Chemist: 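For reference, the structure I am asking about is given below.
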Amino acid sequence: MLVTHEFGPWYDAQSRVLVLGTMPSPKSREAGFYYAHPQNRFWRVLPALYGEPPLVGDIAAQQDFLTRRHIALWDVLASCEIEGASDSSIRNPVPNDMNVILRAAPIRAIFATGQKAGALYKKYCLPQCGIPAQVLPSTSPANCAVKLDALCEKYAAIRQAAEA
């Protein structure tokens, strides 16, 4: 099924790091914001890095957190054919223009949440913007082999880059 990204990036002029997924899941498209599936661990991991409680399901609190912590969120793709939330089913990807954010904010580091996001970024976005992305493990419930503590350890690089 052809899916078009239905909401824009989250960033402001003080964003220092950019975190990229591949494409919003059906739950995220329904909610109108990133990582909205209640089983996705993104909103448990990121706040934990700062000693804050999980922000699952509270979009206003998530947006406030991102702004306070200078973290921008977007996805690599503007549209693609995809089945459900399965990154492995992605066909005919159309990338977003990362320069929208890179021209507006002092981004110091880019992170991709999962191997597919990293590979798509490298193929379609890196040639245009020239900033490599560090690939982090996916926080998706499909990646249950990576435990919460291990995710927090890897995602600590986001805090380090945002505070540098």
Side-chain angles (χ1 to χ4, degrees), residues 1-12 15-91 93-96 98 101 109-121 125 133-163:
M1 166 170 64
L2 178 64
V3 173
T4 301
H5 206 300
E6 298 173 1
F7 49 92
W10 184 264
Y11 69 100
D12 66 14
S15 296
R16 297 179 192 146
V17 298
L18 173 57
V19 179
L20 299 167
T22 34
M23 190 72 182
S25 70
K27 287 284 187 194
S28 293
R29 293 192 306 270
E30 180 183 305
F33 202 61
Y34 300 91
Y35 304 99
H37 193 289
Q39 299 298 313
N40 192 300
R41 296 170 290 172
F42 187 86
W43 293 114
R44 290 174 182 80
V45 170
L46 238 55
L49 300 177
Y50 295 89
E52 296 187 28
L55 298 172
V56 178
D58 188 341
I59 293 172
Q62 293 165 357
Q63 293 171 335
D64 175 67
F65 171 85
L66 295 169
T67 301
R68 284 186 293 108
R69 300 302 182 184
H70 309 291
I71 299 169
L73 280 187
W74 206 9
D75 287 305
V76 174
L77 300 181
S79 69
C80 66
E81 292 176 24
I82 187 170
E83 299 303 320
S86 172
D87 281 358
S88 64
S89 73
I90 290 175
R91 304 284 179 267
V94 176
N96 278 312
M98 295 301 133
I101 294 176
I110 298 175
F111 297 90
T113 61
Q115 293 297 321
K116 187 69 169 191
L120 289 166
Y121 177 86
C125 303
Q134 180 177 339
V135 179
L136 300 171
S138 173
T139 56
S140 165
N143 189 26
C144 59
V146 180
K147 301 301 178 210
L148 189 63
D149 288 349
L151 284 173
C152 288
E153 186 177 306
K154 296 288 187 184
Y155 276 67
I158 293 172
R159 180 176 179 173
Q160 292 167 356
E163 293 180 348

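From a predicted model like this one, the values you see are computed outputs, not experimental measurements.
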Chemist: Taking the side chain as every heavy atom from C-beta outward, state whether Q134 and I110 have any pair of such atoms under 4.5 Å apart.
Modeler: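 No, every pair of side-chain atoms sits at 4.5 Å or beyond.
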Chemist: Would you say the side-chain atoms of S28 pair up with the backbone N or O of A36, donor to acceptor, closer than 3.5 Å?
Modeler: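 Side chain of S28 to backbone of A36: a pair is present.
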Chemist: Where do R16 and A162 come nearest, in terms of heavy atoms and distance?
Modeler: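 Smallest interatomic distance, heavy atoms only, reads NH1-O, 2.9 Å.
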Chemist: What pair of heavy atoms forms the shortest contact from V76 to C125, and how long is it?
Modeler: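 In terms of heavy atoms, the two residues are closest at CG1-SG, 3.9 Å.
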Chemist: Of the non-hydrogen atoms in M23 and T4, which two are nearest, and what is the gap between them?
Modeler: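 Residues M23 and T4, closest heavy atoms: CE-C, 3.6 Å.
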Chemist: Would the distance check show the side chain of T67 and the main-chain N or O of Q63 forming a donor-acceptor pair, the cut-off being under 3.5 Å?
Modeler: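 Indeed, once roles are kept as given, a pair shorter than 3.5 Å links the two residues.
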Chemist: To the closest 0.5 Å, what do you measure between NE2 (H37) and OG (S25)?
Modeler: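 One finds 7.0 Å between NE2 of H37 and OG of S25.
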Chemist: Report the residues that fulfil salt bridge (charged side-chain N to carboxylate O under 4.0 Å, His left out) with R69, sequence neighbours left out, ordered by chain and then residue number.
Modeler: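 Per chain and number, R69 pairs via salt bridge (charged side-chain N to carboxylate O under 4.0 Å, His left out) with E52.
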Chemist: Identify the two heavy atoms, one from Y35 and one from N40, that lie closest to each other, and give their separation to 0.1 Å.
Modeler: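 Smallest heavy-atom distance, with atoms named: CD2-ND2, 3.7 Å.
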Chemist: Aromatic ring centroids of F7 and Y34 under 6.0 Å?
Modeler: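 Between Y34 and F7, which both carry aromatic rings, the centre distance is below 6.0 Å.
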Chemist: So does M1 get a backbone contact from the side chain of E83, meaning a donor-acceptor N/O pair under 3.5 Å?
Modeler: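 Indeed, once roles are kept as given, a pair shorter than 3.5 Å links the two residues.
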Chemist: Quick one: CZ on R41 to OH on Y155, what's the gap to the nearest 0.5 Å?
Modeler: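 If I round to the nearest 0.5 Å, the distance is 9.0 Å.
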Chemist: Is it true that, when you exclude E163 itself, more than 12 heavy atoms of the residues, nucleotides or ligands shown sit nearer than 6.0 Å to its CD?
Modeler: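 More than 12 heavy atoms, drawn from other residues, nucleotides or ligands, come within 6.0 Å of this atom.
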Chemist: Checking S138 side chain against S140 main chain: does a donor-acceptor pair fall under 3.5 Å?
Modeler: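 Present.
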Chemist: Is there side-chain contact between L20 and T113, with heavy atoms separated by less than 4.5 Å?
Modeler: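 No - every pair of side-chain heavy atoms lies 4.5 Å or more apart.
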Chemist: Does S89 use its side chain to pair, donor to acceptor, with the backbone of I82 at less than 3.5 Å?
Modeler: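 Here the side-chain-to-backbone pair does not exist.
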Chemist: If we only count heavy atoms from C-beta on, is the L151 to P137 side-chain gap below 4.5 Å?
Modeler: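 Contact flag for L151/P137 side chains = yes.
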Chemist: Sorted by first residue and then second, give each ring-ring contact (aromatic ring centres under 6.0 Å, His included) pair with at least one member in residues 45-68; sequence neighbours left out.
Modeler: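 Non-adjacent pairs meeting ring-ring contact (aromatic ring centres under 6.0 Å, His included): Y50-F65.
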Chemist: Look up atom CE in M98 and atom CG in L18, then write down how far apart they are to the nearest 0.5 Å.
Modeler: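 It comes to 6.5 Å.
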Chemist: Is it the case that the side chains of N96 and H5 hold a donor-acceptor pair, with the cut-off being a distance below 3.5 Å and no angle test?
Modeler: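 No, N96 and H5 have no side-chain donor paired with an acceptor closer than 3.5 Å.
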Chemist: If we ignore hydrogens and angles and just use 3.5 Å, is the side chain of R29 paired with the main-chain N or O of P24 as donor and acceptor?
Modeler: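 Between the backbone of P24 and the side chain of R29 there is a qualifying donor-acceptor contact (under 3.5 Å).
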Chemist: Rounded to the nearest 0.5 Å, how far apart are CG of L49 and CD of Q160?
Modeler: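 The CD atom of Q160 is 9.5 Å from CG of L49, to the nearest 0.5 Å.
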Chemist: Can you see which heavy atom on P26 is nearest to which on G84, and at what distance?
Modeler: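 Taking P26 first and G84 second, the nearest heavy atoms are CD-O, 3.6 Å.
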Chemist: Roughly how far, to the nearest 0.5 Å, is the CD1 atom of I71 from the CD atom of Q62?
Modeler: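 CD1 of I71 is found 12.0 Å from CD of Q62.
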Chemist: To the nearest 0.5 angstrom, please state how far the NZ atom of K116 sits from the CG atom of L77.
Modeler: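 With rounding to 0.5 Å, NZ (K116) is 9.0 Å from CG (L77).
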Chemist: Donor-acceptor pair, distance only, cut-off 3.5 Å: does the side chain of Y121 make one with the backbone of V135?
Modeler: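 No.
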Chemist: Run the salt bridge (charged side-chain N to carboxylate O under 4.0 Å, His left out) test against D12 and tell me which residues pass, sequence neighbours left out.
Modeler: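 Not a single residue meets the salt bridge (charged side-chain N to carboxylate O under 4.0 Å, His left out) criterion with D12.
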Chemist: Report yes or no: does R91 contribute a side-chain atom to a donor-acceptor pair with the main-chain N or O of E81 at less than 3.5 Å?
Modeler: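 Not at all, since once roles are kept as given, no pair shorter than 3.5 Å links the two residues.
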Chemist: In terms of ring plane angle, is the pair W10 and F33 parallel, tilted or perpendicular, where the classes change at 30° and 60°?
Modeler: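 Aromatic pair W10/F33 classed perpendicular.
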